[in-house]
2 protein chains.
Amino acid sequence: MRDLPVSPSPACCVPGAPVLDVAVAESLAAGFKALADPTRIAIVNRLAALGEVCVCDITDAFNLGQPTISHHLKVLRDAGLVSAEKRGKWAYYRIVPGELERLGGALRPDGLPVAVAV
Amino acid sequence: MRDLPVSPSPACCVPGAPVLDVAVAESLAAGFKALADPTRIAIVNRLAALGEVCVCDITDAFNLGQPTISHHLKVLRDAGLVSAEKRGKWAYYRIVPGELERLGGALRPDGLPVAVAV
DNA sequence: GTGTTATATTGATGTCTGTCGATGCGTGAC
DNA sequence: GTCACGCATCGACAGACATCAATATAACAC
């Protein structure tokens, strides 16, 4: 018996996929919900492209108020897709490795091998 | 000059990705929004696993009212992720080939080659 | 024709979400 | 200490969303 009650996210939506556990469906839906906003997609795009970005740069890059950007960053943080680190007055965000690949792998047949608990 | 004003969806969220066009970000966000619900994830999972499914079977499989299932199917249809075909009294749904892979490819470095307009 | 069955659509309702202004909190400069 | 700056949080509000009951539509059986 492993201590993983839920298989992380097997390829859910490819031919021959097994019927999904409810918890897995909810986990995937939560991840996609975090990406279901153009501003958040653009933020993730910048983080992925540049590696590490200061919040001030993100705020400058969008035509939105600072609280709104902060809100979007919190959504991405709560979804586990990005992480923050404070250095001095500034906060730097970066992509959490593996999480985006996990979501993407659920939609593609050529997914990474996924550890499944038994 | 090609007649594709917007590159479909290059790998937006992988290291070294280019800054995303606004229209591409909106297109990706719309796709992920369609998947941002556990019921719709489960529906897509069933369609992907079984190939073609009658609405009646989907309705039976979930603890939700028939209008609610019909609503979710419309969301997936409007997002271009599934297609419907009526045969007699029944409607059969199936996955639209390539669309899920397009979304998944935006999140993974090992994506399919994507045609980019220039 | 009538009646039944399978989906879609409409309308209502409660909940969630994106945005903003105002405020709080921690850091560095002075 | 005070002040400015970067960011998070709070409160409010308009719009979107998930769900349901009721109704409409379309096809088959009779």
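Computed from a prediction, not measured in an experiment: that's the story for all the values here. Letters go in sequence order (proteins before strands), and every chain restarts at 1.
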Pairs: protein N or O with nucleotides 28-30 of chain C N or O, under 3.5 Å:
none

Exercise for review: Check DNA chain D against residues 46-58 of chain A and give the residues with a non-hydrogen atom under 4.0 Å, in numerical order.
Suggested key: A:C54, A:V55, A:C56
**Study point:** 4.5 Å side-chain heavy-atom contact, A:S27 and A:R102
**Key:** yes
Check your understanding: Quantified as the angle between the terminal helix axes (five pairs each), what is the overall bend of the helix from C:dG1-D:dC30 to C:dC30-D:dG1 to 10 degrees?
Key -> 20°
Check your understanding: So does B:Y93 get a side-chain nitrogen or oxygen closer than 4.0 Å to the phosphate oxygens (OP1/OP2) of C:dA8?
Key -> yes
Exercise for review: Start with the C-alpha gap between A:L107 and B:L35, add the side-chain angles, then the distance that decides, and say whether side-chain contact (heavy atoms from CB on, under 4.5 Å) holds.
Suggested key: CA-CA 10 Å; A:L107 304 179; B:L35 296 173; 4.0 Å; yes
Point to revise | side chain to side chain contact (heavy atoms under 4.5 Å, CB included) partners for B:K86, two or more places apart | key: B:A91
Check your understanding: Can you name the side-chain hydrogen bond (donor to acceptor under 3.5 Å, both in side chains) partners of A:H72, sequence neighbours left out?
Key -> A:R40
Revision key, fill the gap. CG of B:L47 to CD1 of B:I95, rounded to nearest 0.5 Å, is 4.5 Å
Review point. Are side-chain heavy atoms of A:K89 and A:C56 found at a separation under 4.5 Å?
Key: no
Check your understanding: Got a donor-acceptor contact below 3.5 angstrom from the A:S70 side chain to the A:Q66 backbone?
Key -> no
Practice item. Heavy atoms under 4.0 Å is the rule here; annotate nucleotides 14-21 of chain C 5' to 3' with B where the base is hit, S where only the sugar-phosphate is, and - elsewhere. Key: ---SSBBB
Review point. In chain order, what residues pass the salt bridge (Lys or Arg N to Asp or Glu O under 4.0 Å) check against B:E52, with sequence neighbours excluded?
Key: B:R87, B:R94
Point to revise | salt bridge (Lys or Arg N to Asp or Glu O under 4.0 Å) partners of A:E26, counting only residues at least two apart | key: none
Point to revise | Interface limits on DNA chain D, where chain B has a heavy atom under 4.0 Å of a nucleotide atom | key: D:dC17 to D:dC28
Review point. Does anything in residues 77-86 of chain A reach DNA chain C, meaning a heavy atom under 4.0 Å, and if so which residues?
Key: none
Exercise for review: Let me see the working for B:L20 and B:L28 under side-chain contact (heavy atoms from CB on, under 4.5 Å), right down to the final yes or no.
Suggested key: CA-CA 10 Å; B:L20 230 51; B:L28 287 174; 4.0 Å; yes
**Study point:** Euclidean distance, A:Y92 OH relative to A:D57 CG, rounded to 0.5 Å
**Key:** 8.0 Å
Show which side-chain atoms of residues 76-83 of chain A pair as donor or acceptor with protein atoms under 3.5 Å away, not counting sequence neighbours.
| residue | atom | partner | partner atom | Å |
| --- | --- | --- | --- | --- |
| A:R77 | NE | A:Y93 | OH | 3.1 |
| A:D78 | OD2 | A:K74 | NZ | 3.3 |

Check your understanding: Would you say A:L103 and A:F32 make side-chain contact, with heavy atoms under 4.5 Å?
Key -> yes
**Study point:** Donor-acceptor contact below 3.5 Å, side chain A:N45 vs main chain B:A17
**Key:** no
Revision key, fill the gap. A:L64 meets the side chain to side chain contact (heavy atoms under 4.5 Å, CB included) criterion, sequence neighbours left out, with A:T39, A:T68, A:I69
